[in-house]
Amino acid sequence: MATDLTAAGLAHDLNNVFETISEAAEVLRSEPKYSRLGATIQRSVKRGVRIVEDFSEIAQDLRASTSLDAILDNAIQQMQDFLDITHSAPLEFQREIESGQRLPGTSTEWERVFVNFFMNAAQVMPKECVVVIKARRHEDGGIRIHVENSGPGIPDEVLPHIFEAHFSTKKPRSKSARSGLGLHIVKTIVTQNGGTVRAANRSEGGAQFTILLPGA
Ligand SMILES: Nc1ncnc2c1ncn2[C@@H]1O[C@H](COP(=O)(O)OP(=O)(O)OP(=O)(O)O)[C@@H](O)[C@H]1O
Ligand SMILES: [Mg+2]
């Protein structure tokens, strides 16, 4: 029987695409007018390359654990690149994290989780939005992560449906790219790593998402 090369083949061919984009971005970087744009595109391409690498590792079941600080550095940089290139208002990020924490699974999976939270925060509160990320390890080795944002909070009628695929209060992007997948992706990744995620509103106002990862 032929070996299943789905993941390896996809990774191989996507890397060809990334290589072309990266070469084009290099040309932009050499033009003073476009050098910042070129650098931003290259960082995005590098993220794409890492997502593909991690995807291959997941397919081969080679997953390790990843530093939460490194995950957040990458997710925040990705979000800032997005806000910068779309001329959106900056988000303020605050971290309250015990050092040395590691999450199960790959960095890119968790970066997708955090970027989806950050995107939603920027969309509900386009100006002066503060995002706070808290993480604490429990005695049994489990980790509790909170992602909170200032803003109006989640309407009561939205809360029960918030993690459903294609549930959205936003305008659809297009017929083929409907909105409402962000938090469904979050829940899928958290669940695949053995955790749970829930949404709530803070008494001070704004939304709070809580991820619980069990200990050994
Ligand atoms: N931080 C938040 N504050 C208030 N409401 C939120 C927040 N995050 C999500 N929501 C609500 O939950 C809905 C679903 O969020 P989700 O990220 O799954 O989809 P989306 O943002 O609408 O679309 P997509 O993520 O696919 O672009 C949103 O449309 C919004 O109504
Ligand atoms: Mg979203």
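Start at 1 and go down the list; that is how both ligands and their atoms are numbered. Any value given below was found using the heavy atoms of this structure, including those in side chains, with hydrogens, waters and symmetry copies removed.
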N/O to N/O below 3.5 Å, does that happen between [X] and ligand 1?
X: Asn116; answer: no
X: Asn120; answer: yes
X: Ser168; answer: yes
X: Phe209; answer: no

Original post:
Can you tell me if an N/O/S atom from Asn120 lies under 2.8 Å from the Mg ion (ligand 2)?
Top reply: yes

Protein residue, atom and distance nearest to [atom], heavy-atom basis:
atom: atom 14 (C) of ligand 1; value: Phe167 O, 3.4 Å
atom: atom 25 (O) of ligand 1; value: Gly182 N, 3.2 Å
atom: atom 12 (O) of ligand 1; value: Ile162 CG1, 3.3 Å
atom: atom 1 (N) of ligand 1; value: Asn149 OD1, 3.0 Å
atom: atom 15 (O) of ligand 1; value: Leu183 CD1, 3.7 Å
atom: atom 31 (O) of ligand 1; value: Thr169 OG1, 2.5 Å

Original post:
Does Gly180 reach ligand 1, in the sense of a heavy atom lying below 4.0 Å from it?
Top reply: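 Contact check Gly180 vs ligand 1: positive.
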
Original post:
Does Ala199 come within less than 4.0 Å of ligand 1, judged by its heavy atoms?
Top reply: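 Ala199 does not count as a contact of ligand 1 under the 4.0 Å cut-off.
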
**OP:** State whether a side-chain donor-acceptor pair under 3.5 Å links Asp81 with Gln77.
**Re:** yes

**OP:** Check ligand 1 against Ser179 and write out every atom of the ligand that is under 4.0 Å from a heavy-atom position of the residue.
**Re:**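 So the atoms of ligand 1 that pass are 23 (O), 26 (O).
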
Subject >> Numbering as shown, the atoms of ligand 1 that approach Gly153 to under 4.0 Å (heavy-atom distance) >> reply: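 Going through ligand 1 atom by atom, the ones under 4.0 Å from Gly153 are 4 (C).
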
**OP:** Classify the contact between Val124 and ligand 1 as side chain, backbone, both or neither, using a heavy-atom distance cut-off of under 4.0 Å.
**Re:** side chain

Original post:
Could Arg202 and Glu204 be called an ion pair, given the rule that one side-chain N must be under 4.0 Å from one carboxylate O?
Top reply: yes

Subject >> Ion pair check, Glu98 and Arg137, cut-off under 4.0 Å >> reply: no

Original post:
Of Arg47, Arg50, Gln78, which is the lone residue that meets side chain to side chain donor-acceptor pair (under 3.5 Å) with Glu111?
Top reply: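 Passing option: Arg50.
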
Original post:
Mind checking whether Phe114 and Phe117 have parallel, tilted or perpendicular rings, split at 30° and 60°?
Top reply: perpendicular

Subject >> Flag if over 12 foreign heavy atoms under 6.0 Å of CZ, Phe18 >> reply: yes

